[in-house]
Amino acid sequence: MTTHPPTELSIENSALVLIDHQPWVAFMCETNATLLVENLTLISRTAKALGVPTVLTSVGAKGGVLVDPLFTQITDVFPEITPIDRTSTAAWADPALRAAVEATGRKKLVMAGLATDVCLTQAVLGALKDGYEVYFMTDCSAGTTKEGHEDAKLRLVQAGAKPVNATVVAFEWAPDYTSPERAAIQPILVEHGGASVLAIQYLMAQVSAGIVETPKYDEKLDVAE
């Protein structure tokens, strides 16, 4: 009998690829920078906690007049990863990036980038052509304009990529509320998950007050996500 995974994305079958999340690049995009950083922090810490392979890239971060490294909210989570820097917006054309992704052994890629309509689109389209299944995080990406962001999302969907957001990915990686994996990321979700995890805070308050018993690992907690 074939055993089917509970979600399309799992800790075992996917890798995280974050493209060019740099302060100056973000400054050139139209977005809510506070929410962008919160979502990136959530997905970065979640991937690290669950051991999901991660690849980081930057564009023009060194070797030029200005120094524009990745957000510290990302590099502080992954001090052991050296971002792959390049001089072209076409990240997927860089052999070092393709080699790093291939080294993960994963065919499902969770990707995000700045800008959605430039670096992210070019990378996603390249990955799709090479046979990867791509999920792009809309709330961890931002376009050079709001229209550019929306146009890019439509273009990527038409090409076969799938739009998701950071919290959805976290829930797919750890779908079982009673699992050790969910327990490992619960504090991250509460700290960075925004309005989508207010129900979790409410449930935790009921447990603390003794109104609801903490479920055991061999029980199922029937709560709609």
Check: Which heavy-atom pair separates Ala115 from Val25 by the least distance, and what is that distance?
Finding: N-CG1, 4.4 Å
Margin query: Between His192 and Thr41, is the side-chain hydrogen bond (donor to acceptor under 3.5 Å, both in side chains) condition met? List the steps.
Written below: CA-CA 7 Å; His192 301 289; Thr41 304; 5.0 Å; no
Notebook entry, point to check: Are any of the side-chain heavy atoms of Arg106 and Pro53 separated by less than 4.5 Å?
Noted result: yes
Item checked: Within 6.0 Å of CD in Glu102, more than 12 heavy atoms from elsewhere -> no
Item checked: Enclosure of Arg98 CZ (heavy-atom neighbours >12, cutoff 6.0 Å) -> yes
Next item on the list: State, to 0.1 Å, how close Arg182 and Tyr177 come at their nearest heavy-atom pair, and which atoms those are.
Entry: NH1-CE2, 3.1 Å
Margin query: Main chain of Ser10, side chain of Glu172: is a donor-acceptor contact present, judged purely on distance under 3.5 Å?
Written below: no
Checklist line | Residue that, paired with Met137, satisfies side chain to side chain contact (heavy atoms under 4.5 Å, CB included) out of Asn39, Leu16, Leu40 | finding: Leu16
Next item on the list: Give a yes-or-no answer on whether the side chains of Glu30 and Thr144 include a donor-acceptor pair shorter than 3.5 Å.
Entry: no
Item checked: Val164 and Thr138, any side-chain heavy atoms less than 4.5 Å apart -> no
Item checked: Hydrophobic cluster membership, Trp24 vs Val118, 4.5 Å side-chain cutoff -> no
Check: Counting distance only, does the side-chain N/O of Asp76 pair as donor-acceptor with the main-chain N or O of Gln73 below 3.5 Å?
Finding: no
Margin query: Measuring from atom CD1 of Ile81 to atom OG1 of Thr75, what distance do you get when rounded to the nearest 0.5 angstrom?
Written below: 10.5 Å
Next item on the list: Decide yes or no on salt bridge (Lys or Arg N to Asp or Glu O under 4.0 Å) for Asp20 and Arg86, but give the supporting numbers first.
Entry: CA-CA 10 Å; Asp20 307 346; Arg86 61 192 197 285; 2.6 Å; yes
Next item on the list: Indicate the atoms forming the closest heavy-atom contact of Asp85 with Ala61, along with that distance.
Entry: OD1-N, 3.0 Å
Note to self: A side-chain contact here means heavy atoms from C-beta on lying under 4.5 Å apart; do Cys119 and Leu114 qualify?
What the structure shows: no
Note to self: Please determine whether the number of non-hydrogen atoms from other residues, nucleotides or ligands lying under 6.0 Å from atom CD of Glu150 exceeds 12.
What the structure shows: yes
Notebook entry, point to check: Do Leu9 and Tyr135 have side chains that get closer than 4.5 Å, going by heavy atoms?
Noted result: yes
Checklist line | Contacts of Glu12 that satisfy salt bridge (charged side-chain N to carboxylate O under 4.0 Å, His left out) - sequence neighbours left out | finding: none
Notebook entry, point to check: Taking all atoms of both residues into account, what is the closest heavy-atom pair of Val110 and Ser14, and its distance?
Noted result: CG2-CB, 4.4 Å
Next item on the list: Would you list the pairs meeting salt bridge (Lys or Arg N to Asp or Glu O under 4.0 Å) in which at least one residue belongs to residues 42-56, sequence neighbours left out?
Entry: Arg45-Glu191, Lys48-Glu80
Check: So which heavy atom on Ala166 is nearest to which on Ile43, and how close?
Finding: O-CD1, 3.8 Å
Item checked: Inter- and intrachain pairs under salt bridge (Lys or Arg N to Asp or Glu O under 4.0 Å), touching residues 116-135, at least two apart -> Lys108-Glu133, Glu133-Lys162
Check: Given a cutoff of under 4.5 Å between side-chain heavy atoms of I, L, V, M, F, W and Y, with clusters grown through shared members, what are the other residues clustered with Phe136?
Finding: Val17, Ile19, Val55, Ile84, Trp92, Leu97, Val101, Leu109, Met111, Leu120, Val124, Leu125, Leu128, Tyr132, Val134, Leu156, Val157
Notebook entry, point to check: Does the side chain of Ser58 come within less than 4.5 Å of Leu70's, by heavy atoms?
Noted result: yes
Next item on the list: Report yes or no: does His21 contribute a side-chain atom to a donor-acceptor pair with the main-chain N or O of Cys140 at less than 3.5 Å?
Entry: yes
Notebook entry, point to check: For Asn165, which residues count as a side-chain contact (heavy atoms from CB on, under 4.5 Å) partner, sequence neighbours excluded?
Noted result: Asp139, Thr167, Val168
Notebook entry, point to check: Apart from Leu35 itself, which Ile, Leu, Val, Met, Phe, Trp or Tyr residues share its cluster (side-chain heavy atoms under 4.5 Å, direct or through members)?
Noted result: none
Item checked: Pairwise side-chain contact, Arg155 with Thr121, heavy-atom cut-off 4.5 Å (strictly under) -> yes
Next item on the list: Can you see which heavy atom on Ser141 is nearest to which on Leu36, and at what distance?
Entry: N-CD1, 3.7 Å
Notebook entry, point to check: Do Thr7 and Trp173 pass the side-chain hydrogen bond (donor to acceptor under 3.5 Å, both in side chains) test, and can you show the C-alpha distance, the side-chain angles, and the key distance before you say yes or no?
Noted result: CA-CA 8 Å; Thr7 56; Trp173 281 342; over 6 Å; no
Note to self: Would you say that Gln158 contacts Leu154 through its side chain, given a criterion of any heavy-atom pair below 4.5 Å between the two side chains?
What the structure shows: yes
